[in-house]
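Only one structure is covered here, and it is reproduced in the block below.
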Amino acid sequence: KKPLPPKRYEHKEDSLVKYNKIIKEVLSTKENMSPQAILNEMEMKNLKPDSTTFNTLIDIEITKGRYDSADCLLGIMREKGVKLDLVTYNTLIKKKALELKSGRKCHKKNFLEAFDIIKEMEENHILINIITINTLLDCCVCCRSIEYFEDVYLKMKESHIKPDEITFGT
């Protein structure tokens, strides 16, 4: 007997990967498309959003200056039990830097919130990287805080992170 050929079907994981790839493209070009609509559509297709899904949605909202929407997405992410990763945390620090640049939040309080994110990363055993450092340095520049600049530099040294061109340019 000849064995039957394997059935061709799409795994949910494959569908999720494909879906995640198009999210950024769609949301970047469609101003009125809401992240919640994307999440609802995924739910209807029985696709469970993962950290890549949320990281993409949060980053797009932050880039568009919709900080409250990004906070809402973070809440949904936590509520659904999706684990925050290095990209999530770096994106949240980026949000703090952009809020500082826009003058949206109190400088010192917002800057200290960026350090709270670092503490949460450490509690969750997520190592910082050069992107984390450069984004923190961007926060220092935005709030003209030389005192915290040294803290970031020390954090970089204790984490054995080598500065890059962006670090030197900050």
Regarding [X] and [Y], is there a side-chain donor-to-acceptor distance under 3.5 Å anywhere?
X	Y	value
T88	D85	yes
T52	N20	no
D59	T56	no

Hydrophobic cluster membership, with links at side-chain heavy-atom distances under 4.5 Å among I/L/V/M/F/W/Y: are [X] and [Y] in one?
X	Y	value
I117	L86	yes
I130	F149	yes
Y67	V87	no
I93	Y153	yes
I126	I118	yes

Atom [atom1] in [X], atom [atom2] in [Y]: separation rounded to 0.5 Å?
X	Y	atom1	atom2	value
L98	K96	CG	NZ	11.5 Å
L127	M121	CG	CE	8.0 Å
D151	F115	CG	CZ	5.0 Å
L92	L74	CG	CG	5.5 Å
Q36	C72	CD	SG	6.5 Å
N134	E165	CG	CD	11.0 Å

Taking C-beta and beyond as the side chain, do [X] and [Y] meet within less than 4.5 Å on heavy atoms?
X	Y	result
K48	T53	no
L39	E43	no
L84	E120	yes
I131	K94	no

#### Entry: side-chain contact (heavy atoms from CB on, under 4.5 Å) assessment of M77 paired with N55
CA-CA 9 Å; M77 183 179 187; N55 291 341; 4.0 Å; yes
### Query
Going through the checks in order, is the side-chain contact (heavy atoms from CB on, under 4.5 Å) test met by I128 and I133?
CA-CA 7 Å; I128 64 173; I133 293 296; 3.7 Å; yes
### Task
Considering only NZ, NE, NH1 and NH2 on the basic side and carboxylate oxygens on the acidic side, decide whether E123 and K119 come within less than 4.0 Å.
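Judged by the 4.0 Å cut-off on N to carboxylate O distance, E123 and K119 do not form a salt bridge.
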### Query
If you take all heavy atoms of P49 and M42, which pair is closest and at what distance?
CA-CE, 3.9 Å
#### Entry: From CA spacing to verdict: side-chain hydrogen bond (donor to acceptor under 3.5 Å, both in side chains), T135, D138
CA-CA 5 Å; T135 309; D138 198 26; over 6 Å; no
### Message
side-chain contact (heavy atoms from CB on, under 4.5 Å) for E61 and I58? Distances and angles first, verdict last.
### Response
CA-CA 5 Å; E61 292 303 283; I58 291 169; 5.8 Å; no
### Query
After noting the C-alpha distance and the side-chain angles of L137 and M156, does the key distance pass the side-chain contact (heavy atoms from CB on, under 4.5 Å) rule?
CA-CA 10 Å; L137 289 173; M156 182 176 74; 5.7 Å; no
